[in-house]
Amino acid sequence: MVEKAEIRRSSCALPIGVFDSGIGGLTVAAALRGLLPGEQIYYIGDTARVPYGGKSAVTIERYSFEISRMLLEEGAKLIVVACNTASALAVSRLRETLDVPVIGVIEPGAAAAVAATKTQRVGVMGTRATVQSRAYERAIHALRPEVSVEAQACPLLVPLIEEGWLDDGVTAQVIARYLDPMLEKGIDTLVLGCTHYPLLYKALEKHVGPFVRLVDSARNCALEVQSVLEARGLSCADGQNGGLQVALTDPSTSFLKVAEQSLGLDVGEVRLRSVG
Ligand code: DGL
């Protein structure tokens, strides 16, 4: 018992490491803060090299390893890959190589989509790299092979969101152009397969209507983190004294304001880390 209590205490001193290509992964950090208020979260946004979504698999993997190592230097007890693109292209190699548990957003999102669909037709929106990787299709088919998956790359949405055009006619037109072909194919569930898209939740909900369920992997990822921490005796579930430390690899912060406002998250003082 004493030993267990000691493990728990020392786990509380260690943060959950979270990384994203930039600021968008704060959607996942916000979900973690909500579900696990006792945990310390150390978030690194690779703002110097964002976006990852149009880059090659080799580069995305290299960046993911570099940022993960920085999180390990901070003592991370578990790493959350909040970025869908990095989750799609680097999680399996990170898992093979690193000594701590690594959780991405693809599998939790796929599980939520499979649980939500009634017609067995699921749409996935994401960056070009995520869609080209077919990672969501694989994860969904591993759970239920008969689900048909329509995936659409939506590269124009990230810049519109970063501009803060969340409730805007131009954004609504872009949403329609990307989503209508999937809606015509009868999807009843749509996976928001990019960190940024939860910030467009209202606009997306308005466009798809009441019969299409939106699946946001942030909350499902947080639930997965909770269960892995508990299973490994690493959780700090009892406390309320957790916190969020945000570090960025470039100090430009205009999107940070948009994200903080939309998520109701106060990130406090941001650290600057150099990378590469
Ligand atoms: N974080 C990325 C994702 O979730 C979106 C931004 C980028 O392209 O880097 O896929």
Side-chain angles (χ1 to χ4, degrees), residues 17-32 43-64 66-68 71 79-91 94 102-110 112-113 123-137 139 151-166 171 174 178 190-201 204 214-222 246-250 252-256 258-259 262-263 275-276:
V18 180
F19 82 88
D20 178 40
S21 55
I23 307 285
L26 286 176
T27 51
V28 176
L32 287 166
Y43 178 100
I44 301 183
D46 193 6
T47 41
R49 304 186 293 194
V50 70
Y52 285 10
K55 296 200 166 72
S56 67
V58 172
T59 300
I60 293 163
E61 190 177 299
R62 176 163 61 84
Y63 288 177
S64 301
E66 285 168 2
I67 303 290
S68 297
L71 289 171
I79 288 180
V80 178
V81 185
C83 177
N84 283 256
T85 305
S87 294
L89 290 145
V91 157
L94 291 171
V102 177
I103 295 178
V105 283
I106 305 279
E107 286 140 351
V124 175
M125 51 193 300
T127 63
R128 274 212 175 91
T130 299
V131 168
Q132 277 167 7
S133 75
R134 303 178 68 88
Y136 271 107
E137 278 97 320
Q152 174 65 53
C154 307
L156 293 177
L157 289 181
V158 165
L160 288 168
I161 295 164
E162 298 210 346
E163 200 57 35
W165 293 14
L166 306 181
T171 309
V174 175
Y178 283 140
L190 178 62
V191 179
L192 312 190
C194 170
T195 44
H196 289 52
Y197 302 162
L199 301 182
L200 273 189
Y201 201 93
L204 291 167
L214 299 182
V215 169
D216 152 11
S217 36
R219 167 135 182 108
N220 297 296
C221 175
V246 174
L248 301 176
T249 56
D250 180 274
S252 54
T253 51
S254 59
F255 179 46
L256 187 58
V258 174
S262 314
L263 295 169
V275 69

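For ligands, and for the atoms within them, numbers begin at 1 and follow the listed sequence. For the numbers below, each heavy atom of this structure counts, side chains included, while hydrogens, waters and symmetry mates do not. Every value quoted in this text rests on a predicted model; they were computed, and no experiment measured them.
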Does Glu66 have any salt bridge (charged side-chain N to carboxylate O under 4.0 Å, His left out) partners at least two apart in sequence or in another chain, and if so, which? Arg49, Arg62
For the residue pair Asp216 and Tyr197, confirm or rule out a side-chain donor-acceptor distance under 3.5 Å. no
With sequence neighbours excluded, tell me which residues meet side-chain hydrogen bond (donor to acceptor under 3.5 Å, both in side chains) with Thr195. none
Do Met125 and Leu190 come close enough that some side-chain heavy atom pair is under 4.5 Å? yes
At a heavy-atom distance under 4.0 Å, which protein residues reach ligand 1? Sort them by chain and number, would you? Asp20, Ser21, Val50, Pro51, Tyr52, Gly53, Cys83, Asn84, Thr85, Thr127, Cys194, Thr195, His196
Assert yes or no for the condition that the ring centre distance of Tyr52 to Tyr63 is strictly below 6.0 Å. yes
Residues forming a side-chain hydrogen bond (donor to acceptor under 3.5 Å, both in side chains) with Thr127, sequence neighbours excluded: Thr85, Thr130
